[in-house]
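When reading the values below, keep in mind they use all heavy atoms of this one structure, side chains included, and skip hydrogens, waters and symmetry mates. Numbers here are sequence positions counted from 1.
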Amino acid sequence: MLDKSGIIKRLLLADQRGQEELDALGIRLGVETPSDWALPGPAEFRLHLHRYVLAKLLLDDEEPVPETHELAELCKLSVAKAGRLNPNEATLLDVSRHCGATTSAMTKKVLLFMNLGKALGVSFDGYDTAEIETTEQLADVVSDLVAARDSAAGESD
């Protein structure tokens, strides 16, 4: 188990790895992109977004790295890892008495979306985020949001 400084280092590493995945896509908030730049194709975009999710949920160092793209499953694995429980035990023990009885896994999903939106300067308003069930679906939504963001920025110049 990590001590306090080990936890801080691990969280900073997760932030760095997550940012590296966004940088690989060329979509950093506040950084001007070349006029001839375009979003990568769907397969590459999905791959980097999946890796971003794994990093932010602290699952990128697991052996083997989780192959699932289901956000609910990844969030459950992250909660289980944090509590050193197997995913079934974590699910049974994880019902909040606050926040409308949402689980820690659901809270992780919400925080993931908030963090991603903040990092990219986009908002998931207008999307029912509960309907976004996989990292592929998330990548498709984010790709659309970034394209709309960049289009709106281009029109205001």
Side-chain angles (χ1 to χ4, degrees), residues 10-34 36-83 85-92 94-96 99-154:
R10 179 63 183 104
L11 292 172
L12 291 172
L13 179 61
D15 284 343
Q16 177 187 347
R17 287 181 177 168
Q19 189 59 57
E20 287 170 0
E21 295 303 330
L22 296 182
D23 288 349
L25 295 172
I27 51 174
R28 184 176 250 192
L29 179 62
V31 175
E32 191 171 324
T33 53
D36 62 345
W37 178 84
L39 285 174
E44 184 179 356
F45 201 95
R46 288 174 177 171
L47 173 68
H48 287 290
L49 223 332
H50 180 73
R51 289 179 182 165
Y52 171 87
V53 169
L54 291 177
K56 296 306 281 184
L57 294 178
L58 305 176
L59 295 172
D60 57 334
D61 62 351
E62 290 295 300
E63 291 296 332
V65 174
E67 293 186 25
T68 184
H69 291 263
E70 297 290 328
L71 287 166
E73 185 63 27
L74 291 169
C75 290
K76 286 179 191 176
L77 289 170
S78 180
V79 169
K81 180 180 180 177
L85 303 168
N86 77 45
N88 293 332
E89 290 173 331
T91 300
L92 290 174
D94 184 29
V95 177
S96 172
C99 300
T102 59
T103 65
S104 294
M106 180 59 73
T107 301
K108 278 189 174 278
K109 182 180 174 185
V110 170
L111 291 173
L112 175 72
F113 285 19
M114 290 172 61
N115 186 277
L116 186 57
K118 183 178 177 182
L120 300 177
V122 298
S123 173
F124 289 93
D125 294 345
Y127 286 93
D128 182 356
T129 55
E131 297 289 322
I132 302 173
E133 296 178 350
T134 67
T135 58
E136 290 98 342
Q137 291 171 337
L138 177 59
D140 293 345
V141 168
V142 169
S143 179
D144 291 345
L145 289 170
V146 169
R149 178 202 72 188
D150 291 351
S151 175

Test D23 against R51 for salt bridge (Lys or Arg N to Asp or Glu O under 4.0 Å), laying out the working first. CA-CA 12 Å; D23 288 349; R51 289 179 182 165; over 6 Å; no

Using side-chain contact (heavy atoms from CB on, under 4.5 Å), reason through L25 and V146 one step at a time and then give a plain yes or no. CA-CA 11 Å; L25 295 172; V146 169; over 6 Å; no

Test side-chain contact (heavy atoms from CB on, under 4.5 Å) applied to L116 and V53, step by step: CA-CA 9 Å; L116 186 57; V53 169; over 6 Å; no

If the condition is side chain to side chain contact (heavy atoms under 4.5 Å, CB included), which residues does E70 pass it with, not counting sequence neighbours? T68, E73, E133, T134

Taking R10 first and then D60, would you say they form a salt bridge - that is, a charged N and a carboxylate O separated by under 4.0 Å? yes

Which heavy atom of [X] sits nearest to which heavy atom of [Y], and what is that distance?
X: K56; Y: N115; answer: CE-OD1, 3.3 Å
X: S78; Y: L57; answer: OG-O, 2.8 Å
X: L74; Y: P66; answer: CD2-CB, 3.8 Å
X: Q137; Y: E131; answer: OE1-O, 3.6 Å
X: I132; Y: V141; answer: CD1-CG2, 4.0 Å
X: A55; Y: G18; answer: CB-N, 3.8 Å

Is L112 close to L71 at the side-chain level, that is, under 4.5 Å between some pair of heavy atoms? yes

Any D140 side-chain heavy atom under 4.5 Å of R46 side chain: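 Counting from C-beta outward, D140 and R46 do come under 4.5 Å.
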
Report the C-alpha distance between V142 and Y52 in whole Å, list the side-chain angles of each, state the deciding distance to 0.1 Å, and finish with yes or no for side-chain contact (heavy atoms from CB on, under 4.5 Å). CA-CA 12 Å; V142 169; Y52 171 87; over 6 Å; no

Which residues satisfy the ring-ring contact (aromatic ring centres under 6.0 Å, His included) test with H48, sequence neighbours excluded? none

I'd like to check the side chain to side chain donor-acceptor pair (under 3.5 Å) partners of D125; sequence neighbours left out, ordered by chain and number.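 S123.
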
Give the C-alpha distance, both sets of side-chain angles, the deciding distance and a yes or no for side-chain contact (heavy atoms from CB on, under 4.5 Å) between L145 and L120. CA-CA 9 Å; L145 289 170; L120 300 177; over 6 Å; no

Parallel, tilted or perpendicular, judged at 30° and 60°: which one describes the rings of F113 and F124? parallel

